[in-house]
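In what follows, a structure is listed as structure tokens, so that the remarks can point back to it.
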Amino acid sequence: MDRQTPKYNSLRDYIQSNEQNKELFDLKEQFDEALWCEHLEELYNREEVSCGRDKAFYEKRLHEMRSLTDDSALISFLKYKALPKFCDFDCDGTVRKDYLRQGYYSWFPREIYRTLWNWKDLCRTEDVEFKFATIKQFAHSCYERDMQMGPDTMNSFWITFSAYLISNYRDTYRWNNFKNTVFFKDGENGKQRNRADRIKEFIEGDENYVRSEKIKEFAALTHTVGNLVLVPAGYNGYRGTQPCIKDYLDLSLDNLLHVWDGKKYLGENSEIRKQNYIKYINTFFLWDYVDDHYEPVPLCESHQKQMETQRKTGRLEAKGVLPPTEEIDDLCGNINDRILRRSRFMIAMLRIAFGIDSNGKDVELRYTYDGKYCEDWADWNVSGIYKKIVEEVFLTNRVYTGAYDEVVSVIKKIADGSPDEELVSNILNC
């Protein structure tokens with residue numbers, strides 16, 4: 001079997017391709033298994049990086065890399081979760097301090113952040129071996145020069161899927177508080193890799209093991225562009241392990257705005273925090289997750305009750321975090337719709353940034369830009385009109401109502417009468 005190579009050689013190739021449903025593209029297809037294996041084989045004879053492990057250890061890892069995307073989206077997801085951290089690949093581009101090679105193999109999502117939000121994760125260095133020293137774990141973006149940010153998956157499929165398994169198969173699974181996900185009751189093979197492998201075996205043995213079509217759709221969408229975001233440094237790990245949030249975006253936004261636990265990622269002062277929060281929603285295209293007053297919209301009924309309780313008590317509550325069985329389809333349906341809409345909008349913004357119309361035609365880009373951030377953004381290699389949109393539409397404290405409709409209307413007005421009017425209109429009218 002041939003080793004997997006990335007479907008696209010660059011982010012621009014992806015945007016310019018003739019693939020009809022770009023919003024459905026699974027980033028797991030961007031893993032460069034061939035390159036990873038090539039570098040891994042070099043480790044066989046390099047004592048300084050072998051950590052005392054023999055060739056059999058590496059060969060076992062090579063075997064574990066096989067066939068990421070050959071089956072259904074759910075099985076593909078479980079194969080991905082079964083990969084060891086050693087593989088250095090993460091679909092949202094997250095890197096851990098001890099695994100900076102992940103930035104090398106996970107370049108595709110990181111390029112999305114660089115293009116849309118001027119994320120400065122690249123270091124200037126001559127040490128390019130595996131690009132160890134060229135990737136920062138956290139970096140500032142156009143959102144705020146003084147705020148370090150890192151990648152995150154907005155809506156965690158793994159936690160919701162774990163809740164589904166526990167709700168339907170309590171005799172087999174229990175909640176693992178340390179990992180914040182499903183565990184086997186017998187405690188056998190507690191490592192994440194074996195957990196995912198065993199669940200995969202159950203599903204392959206019974207095609208009706210997972211009866212929810214919404215869950216299956218969520219598995220297909222979790223690693224698409226509309227589920228990627230930058231968050232304040234440290235918040236990725238915090239919200240994923242906080243039992244009162246469990247990685248849910250609606251509860252995460254509620255926490256960022258109201259700081260129920262005292263974590264003030266967006267500012268100590270309540271007024272400053274509110275303004276930073278509004279700008280955060282606008283910058284990262286999160287209008288679907290808030291109402292007309294920018295209060296977070298609960299993704300299911302139990303989350304609504306939890307938010308109401310938090311407002312009454314002034315502290316985080318954990319009772320309503322995991323949705324009961326009857327709410328899982330509703331929760332996943334709401335998440336799926338939001339991922340798809342945001343994916344389409346992000347793809348439209350990438351087209352404007354690259355100067356690629358809806359037919360894949362590369363137009364002549366104008367890079368001139370006279371905004372107040374012009375000098376700061378001089379090395380941001382995107383079109384001038386996109387920088388203007390970022391400054392005048394996204395990096396603002398304006399409260400947009402009607403989700404994407406008003407935002408699109410404002411963007412069109414900014415482009416009216418400019419040489420880029422036809423390009424913007426062509427993209428946003430599709």
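Atoms considered below: every heavy atom in the structure, side chains included; atoms not considered: hydrogens, waters and symmetry mates. By convention here, the first residue in the shown sequence is residue 1. What you see is a predicted model, and the numbers here were worked out from it, not measured in a lab.
Using modelled atom types, one finds a donor on one side chain and an acceptor on the other under 3.5 Å when comparing His258 with Glu295. Between the side chains of Asp90 and Ser106, no donor-acceptor pair is found at a separation under 3.5 Å. Tyr294 and Asn397 form no side-chain donor-acceptor contact under 3.5 Å, judged by distance and modelled atom types alone. Between the side chains of Asn227 and Thr153, no donor N or O sits under 3.5 Å from an acceptor N or O.
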_Step-by-step side chain to side chain contact (heavy atoms under 4.5 Å, CB included) determination, Met147 to Tyr265_ = CA-CA 9 Å; Met147 179 177 288; Tyr265 287 93; 6.0 Å; no
*Begin from the C-alpha positions of Ser383 and Ile352 and carry the test side chain to side chain contact (heavy atoms under 4.5 Å, CB included) through to its verdict.*
CA-CA 7 Å; Ser383 66; Ile352 294 174; 4.2 Å; yes
*Test salt bridge (Lys or Arg N to Asp or Glu O under 4.0 Å) applied to Arg114 and Glu111, step by step*: CA-CA 5 Å; Arg114 295 166 195 153; Glu111 190 62 24; 2.8 Å; yes
*Quick one: do Tyr8 and Glu19 satisfy side chain to side chain donor-acceptor pair (under 3.5 Å)? Show the steps, please.*
CA-CA 11 Å; Tyr8 297 107; Glu19 184 170 333; 2.3 Å; yes
*Could you go step by step and tell me if Arg311 and Glu308 meet the salt bridge (Lys or Arg N to Asp or Glu O under 4.0 Å) rule?*
CA-CA 5 Å; Arg311 281 156 179 69; Glu308 290 172 353; over 6 Å; no
_Verdict with reasoning, Trp260 to Thr313, per side chain to side chain contact (heavy atoms under 4.5 Å, CB included)_ = CA-CA 9 Å; Trp260 302 113; Thr313 63; over 6 Å; no
*Check the pair Trp377 / Tyr386 against ring-ring contact (aromatic ring centres under 6.0 Å, His included), numbers first and verdict last.*
CA-CA 11 Å; Trp377 292 347; Tyr386 183 71; 8.9 Å; no
*Step-by-step side chain to side chain donor-acceptor pair (under 3.5 Å) determination, Asn155 to Arg338*: CA-CA 10 Å; Asn155 302 284; Arg338 285 163 171 76; over 6 Å; no
_Step-by-step side chain to side chain contact (heavy atoms under 4.5 Å, CB included) determination, Asp121 to Ile135_ = CA-CA 6 Å; Asp121 70 314; Ile135 302 293; 4.2 Å; yes
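Under the 30°/60° scheme for interplanar angles, the aromatic rings of Trp117 and Phe285 are found to be tilted. In this pair, Phe161 and Phe157 present their aromatic rings parallel. The plane angle is below 30°, not in the 30 to 60° band. Under the 30°/60° scheme for interplanar angles, the aromatic rings of Tyr404 and Phe345 are found to be tilted.
Proximity of Pro298 to Gln306: side-chain heavy atoms (C-beta onward) are nowhere separated by under 4.5 Å. Within the 4.5 Å cutoff, no side-chain heavy atoms of Leu251 are placed close to those of Lys246. For the pair Thr283 and Leu395, the minimum side-chain heavy-atom distance is below 4.5 Å. A heavy-atom distance below 4.5 Å is found between the side chains of Glu301 and Lys305. Ile414 is not listed as a side-chain neighbour of Val424, based on a closest heavy-atom distance of 4.5 Å or more. Residues Val290 and Tyr277 form a side-chain contact, since some pair of their non-hydrogen atoms from C-beta on lies under 4.5 Å apart. Between Arg342 and Val229, some side-chain heavy-atom pair lies under the 4.5 Å cut-off. When side chains are defined from C-beta on, Ile356 does not count as touching Val363, because their heavy atoms never get closer than 4.5 Å.
Judged by distance alone, the side chain of Lys216 and the main-chain N or O of Val210 form a donor-acceptor pair under 3.5 Å. Side-chain N or O atoms of Thr222 include none that pairs as donor or acceptor with a backbone N or O of Phe218 at under 3.5 Å. With Tyr80 contributing its side chain and Cys91 its backbone, the two residues share a donor-acceptor pair below 3.5 Å. Between the side chain of Asp92 and the backbone N or O of Pro151, no donor-acceptor pair lies under 3.5 Å. Without hydrogens or angle criteria, Asn282 side chain to Arg398 main chain gives a donor-acceptor distance under 3.5 Å. For the pair Tyr280 (side chain) and Leu253 (backbone), a donor-acceptor distance under 3.5 Å is absent. Distance alone, capped at 3.5 Å, places no donor-acceptor pair between the Gln16 side chain and the Tyr14 backbone. Looking at Arg239, its side chain never comes within 3.5 Å of a backbone N or O of Ile245 through a donor-acceptor pair. When atom types are taken as modelled, the side chain of Glu23 and the backbone of Leu340 share no donor-acceptor pair closer than 3.5 angstrom. Judged by distance alone, the side chain of Thr396 and the main-chain N or O of Glu392 form no donor-acceptor pair under 3.5 Å.
Salt-bridge annotation for Asp26 and Lys7: absent, with no side-chain N of the basic residue lying under 4.0 Å from a carboxylate O of the acidic one.
Summarising the geometry, atom OG belonging to Ser252 is positioned 4.5 Å from atom OH belonging to Tyr235; distances are rounded to the nearest 0.5 Å. Rounded to the nearest 0.5 angstrom, Ile278 CD1 and His293 NE2 are separated by 11.5 Å. The distance from atom NZ of Lys264 to atom CG of Asn255, rounded to the nearest 0.5 Å, is 10.5 Å. Rounded to the nearest 0.5 Å, atoms OH (Tyr289) and CH2 (Trp287) are 12.5 Å apart. Between the CZ atom of Arg12 and the CG atom of Asp362 there is a distance of 5.0 Å, given to the nearest 0.5 Å. Distance check: Phe284 CZ to Lys279 NZ gives 9.5 Å after rounding to the nearest 0.5 Å.
The side chain to side chain contact (heavy atoms under 4.5 Å, CB included) check on Ser156 picks up Trp158, Ile159, Asp247, with sequence neighbours excluded. Residues forming a side chain to side chain donor-acceptor pair (under 3.5 Å) with Asn381 (at least two apart in sequence, or on another chain): none. With sequence neighbours left out, the side chain to side chain donor-acceptor pair (under 3.5 Å) criterion links Asp357 to no other residue. Checked against salt bridge (charged side-chain N to carboxylate O under 4.0 Å, His left out), Glu327 has no partners two or more places apart in sequence or in another chain. In this structure, the side chain to side chain donor-acceptor pair (under 3.5 Å) partners of Lys120, at least two apart in sequence or on a different chain, are Asn118, Asp379. The side chain to side chain contact (heavy atoms under 4.5 Å, CB included) check on Asp330 picks up Asn334, with sequence neighbours excluded.
Phe183 carries Arg195 over the face of its six-membered ring, with the cationic atom under 6.0 Å from the centre and within 45° of the normal.
Here the closest non-hydrogen pair linking Asp250 and Pro296 is O-CB, 3.7 Å.
More than 12 heavy-atom neighbours from other residues, nucleotides or ligands sit within 6.0 angstrom of NZ on Lys412.
Each of Phe138, Phe108, Trp119, Tyr143 was scored for a ring-ring contact (aromatic ring centres under 6.0 Å, His included) with Tyr113, with one residue passing: Trp119.
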